[in-house]
Amino acid sequence: MTKSLIAAALALLLAAPAALAQPQPPGPTLAAVKQRDMLVCGTSTGAAGFSLPDSRGEYRGLDSDLCRAMAAAVLGDATKIRWVPLTSQARLPALQSGQVDVLARTTTWTQVRDTANGLNFTVVNFYDGQGFMLKGSLGIAKPTDLQGASICVVSGSTNELNLADWARVNRVDYRPVVFEQNDEARRSYLAGRCDAYSTDASQLAGLRASFPNPEEHVILPEIISKEPHAPVVRHGDDQWFDIVRWTIFALLTAEELGITQANVESQLASPNPEVRRLLGLAGDHGPLMGLDRRWAYNAIKAVGNYGEIFERNLGMGSPVKLRRGLNDLWTRGGLMYAPPIR
């Protein structure tokens, strides 16, 4: 190889990192969000611990906080959100039609939803499974004892299909009482229109916590399905897919590194290379997605790390009182694992 060729090759190698560091231009979704200066987040019509309006009308819950993290990462302000409450039947069409930028609404990742609807599931933000709740006075110890029972379930959900599959396999004859919204099913269950209520176990815990006499209701320990929940975006915009996915990964990474909402400011002085990359002090990880270098810092400052979000909305210190279980970090036996930011 001649000296001129060697020099040219070295020049290309030296230029490559600089080329990678160039800020990416906004794709269609990021451009739209920035132009309106507002993130439009599809949420549920009410799910305790995930997305439920408080007394002031502010949405509270794990899904709601993830939307706030996205708004902070993209716009630098967690309050720049327009919430769009969606039923189970309306949620996917609303995302497909562009009515919302992202769907963060206890939506189970399934093969059909991921491949047949023009949608992309980003990353699992909560591992769940379907269970049963009923009044303790019925004396029922296991789901198969629900022979001949009426069971409340929400239409357009995996819960409706799972219940039918489970009953067929276990030869349980039951009468489905189907509703469009969780709140309708909740009221009907409390009014005695159905013997049991079947939905994701986490939602059952949230519902029971809201009842006038929660101790009168039991949640059976058996789980009949896998319900991995994940925020959803449209096909065809890889940049926006990356932004939503890596915002959640950043919150998990923050928990791994011990970075919290309270100490994130002081962590800016950390010499730890992982911390410096996460908080935008080293590398160009934000610009590679069309964002500011402080994208992850802004998200953590707004809502805290994943563990903090879980604890205040779903954890043992919240009304829902769920243990982390599968939703704990991989270092503590859970399934939550973030690829490295480097």
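Position 1 is the first residue of the sequence; numbering continues from there. Just so it is clear, the structure is predicted and the values come from calculations on it, not from any experiment.
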In Å, rounded to the nearest 0.5 Å, how long is the span from [atom1] of [X] to [atom2] of [Y]?
| X | Y | atom1 | atom2 | value |
| --- | --- | --- | --- | --- |
| E274 | I259 | CD | CD1 | 9.0 Å |
| R332 | E256 | CZ | CD | 9.5 Å |
| D292 | N298 | CG | CG | 6.5 Å |

With a 3.5 Å cut-off and no angle check, do the side chains of [X] and [Y] form a donor-acceptor pair?
| X | Y | value |
| --- | --- | --- |
| N305 | Q261 | no |
| S51 | D63 | no |
| D65 | N313 | yes |
| Q130 | N159 | yes |

Salt bridge (charged side-chain N to carboxylate O under 4.0 Å, His left out), that's the test. Do K135 and E215 meet it? Break it down for me.
CA-CA 9 Å; K135 290 184 178 179; E215 70 282 355; over 6 Å; no
Classify the ring geometry of W246 against F249: parallel below 30°, tilted from 30° to 60°, perpendicular beyond 60°.
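The rings of W246 and F249 stand perpendicular, inter-plane angle above 60°.
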Can you classify the ring geometry of W83 versus Y59 as parallel (below 30°), tilted (30 to 60°) or perpendicular (above 60°)?
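Tilted.
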One thing to verify: whether R82 and D101 come together as a salt bridge, which I'm taking to mean a side-chain N less than 4.0 angstrom from a carboxylate O.
no
Between K321 and E311, is the closest basic N to carboxylate O distance under 4.0 Å?
no
Examine Y174 together with W166 and report whether their ring centres are nearer than 6.0 Å.
no
If you take the centroid of each ring, where Trp contributes its six-membered ring, are H229 and Y127 closer together than 6.0 Å?
no
Applying side chain to side chain contact (heavy atoms under 4.5 Å, CB included) to F211 and H217, what does each step give before you reach the verdict?
CA-CA 9 Å; F211 289 170; H217 306 267; 3.5 Å; yes
Should the pair R294 and Y297 be classed as cation-pi, given the thresholds of under 6.0 Å to the six-membered ring centre and 45° from the axis?
yes
Using modelled atom types and a 3.5 Å cut-off, is there a donor and acceptor pairing between side-chain atoms of Q24 and backbone atoms of M289?
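Such a contact is absent between Q24 side chain and M289 backbone.
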Please check if the side chain of E227 supplies one atom and the backbone of D200 the other of a donor-acceptor pair under 3.5 Å.
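No: the side chain of E227 does not pair with the backbone of D200.
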Run the numbers on R186 and E184 for side chain to side chain contact (heavy atoms under 4.5 Å, CB included), then give the verdict.
CA-CA 5 Å; R186 177 188 64 82; E184 294 173 325; over 6 Å; no
Taking the side chain as everything from C-beta on, heavy atoms only, tell me whether [X] gets closer than 4.5 Å to [Y].
| X | Y | result |
| --- | --- | --- |
| V232 | V102 | no |
| I224 | F132 | yes |
| V33 | M38 | no |

side-chain hydrogen bond (donor to acceptor under 3.5 Å, both in side chains), that's the test. Do S150 and D195 meet it? Break it down for me.
CA-CA 5 Å; S150 56; D195 301 309; 3.2 Å; yes
Shortest non-hydrogen contact between G42 and R105, atoms and distance:
O-CB, 4.0 Å
Where D128 and A201 come nearest, the two heavy atoms and their spacing:
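Heavy atoms only, the tightest pair is OD1-N, 3.5 Å.
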Please step through side-chain hydrogen bond (donor to acceptor under 3.5 Å, both in side chains) for the pair S88 and E180, ending with a clear verdict.
CA-CA 7 Å; S88 294; E180 186 176 350; over 6 Å; no
